[in-house]
Q: 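Would you mind keeping the following structure in view while I ask a few things?
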Amino acid sequence: MDKTRRAQNALPSSLGELELKVMETVWARPGIDARSITETLAEEAPCRLSSVQATLERLLRKNFLARSKKGHAYFYTALQSRGDVLGAL
């Protein structure tokens, strides 16, 4: 069994389709909240707020995003540049 370790700050070899769409939205509009991301993505295809929130949590754990809380909402900014992420894919 091949066990490989990746540095904690290393980029994963791939992102899911929704993860990439969310990242594209955050790169285009830094400081955006989950509801606004959902509304933006819904212009192309139906998307649920809960799906976007789960995706944002995954991206946070993978160190792609940072978030700050203002009132009752979290606002997201990218920690990785678009060039770095797309270049690693």
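Excluded from the calculations below are hydrogen atoms, water molecules and symmetry mates; all remaining heavy atoms, backbone and side chain alike, are included.
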Q: Evaluate side-chain contact (heavy atoms from CB on, under 4.5 Å) for D33 paired with I37, printing each intermediate quantity in order.
A: CA-CA 6 Å; D33 66 329; I37 293 170; over 6 Å; no
Q: In chain order, what residues pass the side chain to side chain contact (heavy atoms under 4.5 Å, CB included) check against K69, with sequence neighbours excluded?
A: Y74
Q: By side chain to side chain contact (heavy atoms under 4.5 Å, CB included), which residues pair with T38, not counting sequence neighbours?
A: L49, V52
Q: By side chain to side chain donor-acceptor pair (under 3.5 Å), which residues pair with T77, not counting sequence neighbours?
A: none
Q: State, to 0.1 Å, how close S51 and L18 come at their nearest heavy-atom pair, and which atoms those are.
A: O-CD2, 4.0 Å
Q: Quick one: does E19's side chain get under 4.5 Å of M23's, heavy atoms only?
A: no
Q: Is there a side-chain contact between F64 and L79, using heavy atoms and a 4.5 Å cut-off?
A: no
Q: Side chain to side chain contact (heavy atoms under 4.5 Å, CB included) with R82: which residues, sequence neighbours excluded?
A: E24, W27, L86
Q: Can you tell me how far apart CG (L15) and CZ (R58) are? Round to the nearest 0.5 Å.
A: 10.0 Å
Q: Is a side-chain N or O of S36 found less than 3.5 angstrom from the main chain of I32, in a donor-acceptor match?
A: no
Q: Taking side chain to side chain contact (heavy atoms under 4.5 Å, CB included) as the definition, give me every residue that meets it alongside L60, ordered by chain and number, with sequence neighbours left out.
A: E57, L65, R67, Y76
Q: Tell me every residue that passes side chain to side chain donor-acceptor pair (under 3.5 Å) with E43, counting only those two or more places apart in sequence or in another chain.
A: none
Q: Only counting residues at least two apart or in another chain, list the ones meeting salt bridge (charged side-chain N to carboxylate O under 4.0 Å, His left out) with R48.
A: none
Q: Can any side-chain N or O of Q80 pair as donor or acceptor with the backbone N or O of N63 at less than 3.5 Å?
A: yes
Q: Name all residues meeting the side chain to side chain donor-acceptor pair (under 3.5 Å) criterion together with E39; count only those two or more places apart in sequence or in a different chain, and write none if there are none.
A: none
Q: Sequence neighbours excluded, which residues qualify as salt bridge (charged side-chain N to carboxylate O under 4.0 Å, His left out) partners of E44?
A: none
Q: Apply side chain to side chain donor-acceptor pair (under 3.5 Å) to T40 and list each qualifying residue two or more places apart in sequence or on a separate chain.
A: R29
